[in-house]
Trainee: 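The structure under discussion is supplied below as structure tokens; questions concerning it will follow.
What you see is a predicted model, and the numbers here were worked out from it, not measured in a lab. No hydrogens, no waters, no symmetry mates; every other heavy atom, side chains included, goes into these values. Throughout, a chain's letter reflects where its sequence line sits, starting with A, and its residues are numbered from 1.
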There are 4 protein chains.
Amino acid sequence: MSSPESRGFFYPRTATGQASLLPPPPWYYSGDLLTVEYRTEPGRVAALLPAPLRPAGQDPDAVALIWADWQSCGASREELLDPVRAQYKEAFVVVRCEFGGRTYSRCAFIWVDKDFALLRGIHQGYPKKLGSIHMTRPHPLPQAAPALAPGGRFGATLAAADRRLAQAVITLTEPSPVNGFVNAHPMAHHRWLPAIDGPGDAHAELIESGAAEFAAGATFAAEVDEITLFDSPSEELAALPVREVIGGYYRQVGVVWNGGATLWAG
Amino acid sequence: MSSPESRGFFYPRTATGQASLLPPPPWYYSGDLLTVEYRTEPGRVAALLPAPLRPAGQDPDAVALIWADWQSCGASREELLDPVRAQYKEAFVVVRCEFGGRTYSRCAFIWVDKDFALLRGIHQGYPKKLGSIHMTRPHPLPQAAPALAPGGRFGATLAAADRRLAQAVITLTEPSPVNGFVNAHPMAHHRWLPAIDGPGDAHAELIESGAAEFAAGATFAAEVDEITLFDSPSEELAALPVREVIGGYYRQVGVVWNGGATLWAG
Amino acid sequence: MSSPESRGFFYPRTATGQASLLPPPPWYYSGDLLTVEYRTEPGRVAALLPAPLRPAGQDPDAVALIWADWQSCGASREELLDPVRAQYKEAFVVVRCEFGGRTYSRCAFIWVDKDFALLRGIHQGYPKKLGSIHMTRPHPLPQAAPALAPGGRFGATLAAADRRLAQAVITLTEPSPVNGFVNAHPMAHHRWLPAIDGPGDAHAELIESGAAEFAAGATFAAEVDEITLFDSPSEELAALPVREVIGGYYRQVGVVWNGGATLWAG
Amino acid sequence: MSSPESRGFFYPRTATGQASLLPPPPWYYSGDLLTVEYRTEPGRVAALLPAPLRPAGQDPDAVALIWADWQSCGASREELLDPVRAQYKEAFVVVRCEFGGRTYSRCAFIWVDKDFALLRGIHQGYPKKLGSIHMTRPHPLPQAAPALAPGGRFGATLAAADRRLAQAVITLTEPSPVNGFVNAHPMAHHRWLPAIDGPGDAHAELIESGAAEFAAGATFAAEVDEITLFDSPSEELAALPVREVIGGYYRQVGVVWNGGATLWAG
């Protein structure tokens, strides 16, 4: 039932594809990332990894908490001129794992503020919820903004279901060639679709994906002035408490995403 | 890869399931429905039905445009006391189709205003986007509300991506045993998951589902004073223009949804 | 400068008045109120009362924390059919005070979720901010709703600036002739407009106002199962901690508001 | 009634001032402005000017439609690290007028997306409503963003009450020393507070204000590819139709606002 007469990459599918919430990949992104890396209590990351994933051999308890302020579009770039359909922010938790002898990054929790970003997540295996995400923005005029330069101070906050879940403050220290090490591998994500008629999954697949193209712009290392995680009855972010701060980063990036590959299918 | 050690009905899955955006079914709903039924241009509904679905034999161009104001929860009912996680509104377009000699209802387009409702849609095959949905509410005190009684006048509006997509006004006329005929069958929906590595679908399934329990409360027929559909570059609702109004309804309902059955798997 | 040629009750004012965010009073409201009354630490209420207001002679530390789910409109009632302009929710803190030998109620803090409600507050002297407010709704169908009857359990939450500020849970116990005593007097509010050219106020006025018409519908007393106030760097709600719960209420009301009177002008 | 014991620049006022929605001026802003200037039908601007304001002697029908993406704060700069309290967007219509032999700019309509911006408007005489405002953002990485350079193409949209009200697209052409001429004068605004007890105003004042400090960054002239105004039953923006496009601009600015002066008091 490949429905050749219906177009639209994902829901809804129609004869023209005009109404589809998503164009087909490739998807294009320009944006800023604010990253805080830390080590959590031993074993907490492992507890988030379903079989057959295994904890990373090195520094298995490392966590990256990342905020991103994105503009994104499909190949037509039409969303860029109707920016309510192009702009979104997200905050997400990345850990590392191993599968088949390789190290992968993996998003454990993620919140976004637009529907197109949420539906992309279903395709890419990101466990997306809606949230309210804010990041201090650098600006060339300093009256109410930090510079994107050493000394610049940036805050980032996350809320969902009317509760604040996380907040961080960093101060840029110096240019950096890297943006941390936790979110530096291809992503290994599960794509699940629960069965319609009972327990278990109609579809279960482990996929890997990464950037088809990646361009790094200005990148700074940062001191982490604050990182606070808050409890919530409907979240588990606070189950990854900060035991030791590793470091902070701020990076501007451009990304093209164009699919991935199946690692394992159930 | 059934991941027996991870719980959570859908994303994200963890060892405890606490963070899952959705509890497992059954799901419980109490709410109000405002329905407008009309006939659109011949063939427009058929153009929305991917094979092997066929147009309904009778009145194939009938469309129901439905607004709903819901409170919903899982078996624990805990969402009801943290109502930001229980309340949502939606507006959706229902048409009819035939498969295997039976008539089904089918949601062609739908907008909701909460993430948990959007993710439920992925499970149930509803092609959900986020929107802003409003319905006049009846109230026992008449200072700023219609009564849920003949003469009560109700408006309903839908917007998405900062554009108004539809609005309707109805006036209740008399109690009615039915709530229209378009949304009166089991739903036949596609559950699709696009392939991660190129065109086509990793999962394609036609499912049927309906209410495991259904209780109808007050139900009124209504005159349709207005129904207006607006154009949008990212929608196709206006491709179902109103050629002939059939009627309007207002109904209070209680529903339990507990899964469905596969009709066809690709 | 009465600008007789410009119409519109408040901003913006134009020749036709069409764009005004508010029609002139009277304003009409139908809605539900969920109230929790408690006593806070002695003196905390007094500290919120600017001179010449004085603490209430009886039970001066009593506080009412009230959630309201409203539909409202002007005399044309046109907002009711475009309900995005009619519906709003609010949460507010009411205390009592004395002036000129009379007891008044006074709103110390209030959050609403629509602009028209916020601007009304400027007129009425309510110190309104935007917030996210939710209340469990009763419904005749019980699948996912309490009944408006003894045993019905209702939650209410308030958030602002991405932080939860308050939450409460009540269980209805029996019909009640009253809705508490803290919010039972005319309101005494300050209307301030800071000077444009330095410290002090260009306008400072103490006004009293109340309902021009008031109709009470179903009213229930309730047990207070939970009331929690959360701290925030930009709020002072937590400075009114709960020392002793007095009681809870749920009431449906219809209100007409049509101005007030000046008690004192600076 | 200067209430020396209560602090807080505007609502709510408390003993500490912590909960005030606004710190006292000066207020600091860094942000980007996208401007489209055009001439509307003769007389339409004049119809928006209450006496004693008169139309500008030169080019009296010129209109600037401006979108702005701001970060703002008070003297403590604390909002910058909790950016949900610092960031907002706005779209506004500026016309010119004359008073006392001088030419002023004047905001006729304005929509913002945060409460602190709305309340500032009450102080400054901006007739603010809430809206949903979006502007394409430039970014150093081009994957999904225009460059802030000739050829860069930017869209801007405005919606309120679930209706799109305006949209524009511009293409930067060359650096420009100016950002248009309509919004280039001190602002002449009315500060009104309607009487609490009947028609007329308790306070009516014409004020002038402008930037206490102003820093212009990158500024570009632009071709206006599109400017569309949409009708709405609760707005009058469409009463200023585009008769002749003058030009477009994109500018980065830093501003300090620190009060104004009374021109006329009723």
Trainee: How long is the straight-line distance from CG of B/L119 back to CG of B/L21, given to the nearest 0.5 Å?
Mentor: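 Going from the CG atom of B/L21 to the CG atom of B/L119 covers 5.0 Å.
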Trainee: Looking only at non-hydrogen atoms, find the nearest pair between B/V94 and B/V182 and report the distance.
Mentor: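 What the structure gives for the nearest pair is O-CG1, 3.3 Å.
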Trainee: Out of curiosity, B/I66 CD1 to B/F92 CZ, how far, rounded to the nearest 0.5 Å?
Mentor: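 So the CD1 of B/I66 and the CZ of B/F92 are separated by 4.0 Å.
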Trainee: Among C/A156, C/P140, C/A86, which residue has the highest count of heavy-atom pairs closer than 4.5 Å to chain B?
Mentor: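 When all of C/A156, C/P140, C/A86 are compared, C/P140 has the most.
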Trainee: Using a plain distance cut of 3.5 Å, could you tabulate donor-acceptor pairs between chain B and chain C?
Mentor:
from   : atom 1 : to     : atom 2 : distance (Å)
B/S30  : OG     : C/L141 : O      : 2.6
B/S30  : OG     : C/Q143 : N      : 3.2
B/S30  : OG     : C/A144 : N      : 2.7
B/G31  : O      : C/H139 : NE2    : 3.2
B/D32  : OD1    : C/H139 : NE2    : 2.7
B/D69  : OD1    : C/R137 : NH2    : 2.7
B/Q71  : OE1    : C/R137 : N      : 2.8
B/Q71  : NE2    : C/R137 : O      : 2.9
B/Q71  : NE2    : C/A144 : O      : 3.0
B/R77  : NH1    : C/Q143 : O      : 2.8
B/R77  : NH2    : C/P142 : O      : 3.3
B/L80  : O      : C/T136 : OG1    : 2.6
B/D82  : OD1    : C/R164 : NH1    : 3.0
B/D82  : OD1    : C/R164 : NH2    : 3.0
B/Q87  : NE2    : C/M135 : O      : 2.5
B/M135 : O      : C/Q87  : NE2    : 2.6
B/T136 : OG1    : C/L80  : O      : 2.6
B/R137 : N      : C/Q71  : OE1    : 2.8
B/R137 : O      : C/Q71  : NE2    : 2.9
B/R137 : NH2    : C/D69  : OD1    : 2.7
B/H139 : NE2    : C/G31  : O      : 3.2
B/H139 : NE2    : C/D32  : OD1    : 2.7
B/L141 : O      : C/S30  : OG     : 2.6
B/P142 : O      : C/R77  : NH2    : 3.3
B/Q143 : N      : C/S30  : OG     : 3.2
B/Q143 : O      : C/R77  : NH1    : 2.8
B/A144 : N      : C/S30  : OG     : 2.7
B/A144 : O      : C/Q71  : NE2    : 3.0
B/R164 : NH1    : C/D82  : OD1    : 2.9
B/R164 : NH2    : C/D82  : OD1    : 3.0

Trainee: Among residues at least two apart in sequence or on other chains, which ones pass side-chain contact (heavy atoms from CB on, under 4.5 Å) with B/P142?
Mentor: none
Trainee: If I measure from the heavy atoms of chain C, does B/A215 come under 4.5 Å with its side chain, its backbone, both, or neither?
Mentor: both
Trainee: Checking B/A211 now: which residues fulfil side-chain contact (heavy atoms from CB on, under 4.5 Å) with it, not counting sequence neighbours?
Mentor: B/F214, B/V255
Trainee: Highest number of heavy-atom pairs under 4.5 Å with chain C: which of B/V169, B/V84, B/V256, B/I133?
Mentor: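 Heavy-atom pairs under 4.5 Å are most numerous for B/V84.
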Trainee: Looking only at heavy atoms, which two atoms of B/G152 and B/P146 are closest? And how far apart?
Mentor: CA-CB, 3.9 Å
Trainee: For C/L65 and C/A166, work out which heavy atoms get closest and say how close.
Mentor: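 So the two residues come closest at CD2-CB, 4.2 Å.
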Trainee: Closest approach of C/P25 and C/F9, non-hydrogen atoms and distance?
Mentor: CD-CE1, 3.5 Å
Trainee: Name the option with the most non-hydrogen atom pairs under 4.5 Å to chain B; the candidates are C/A144, C/G31, C/A145, C/G155.
Mentor: C/A144
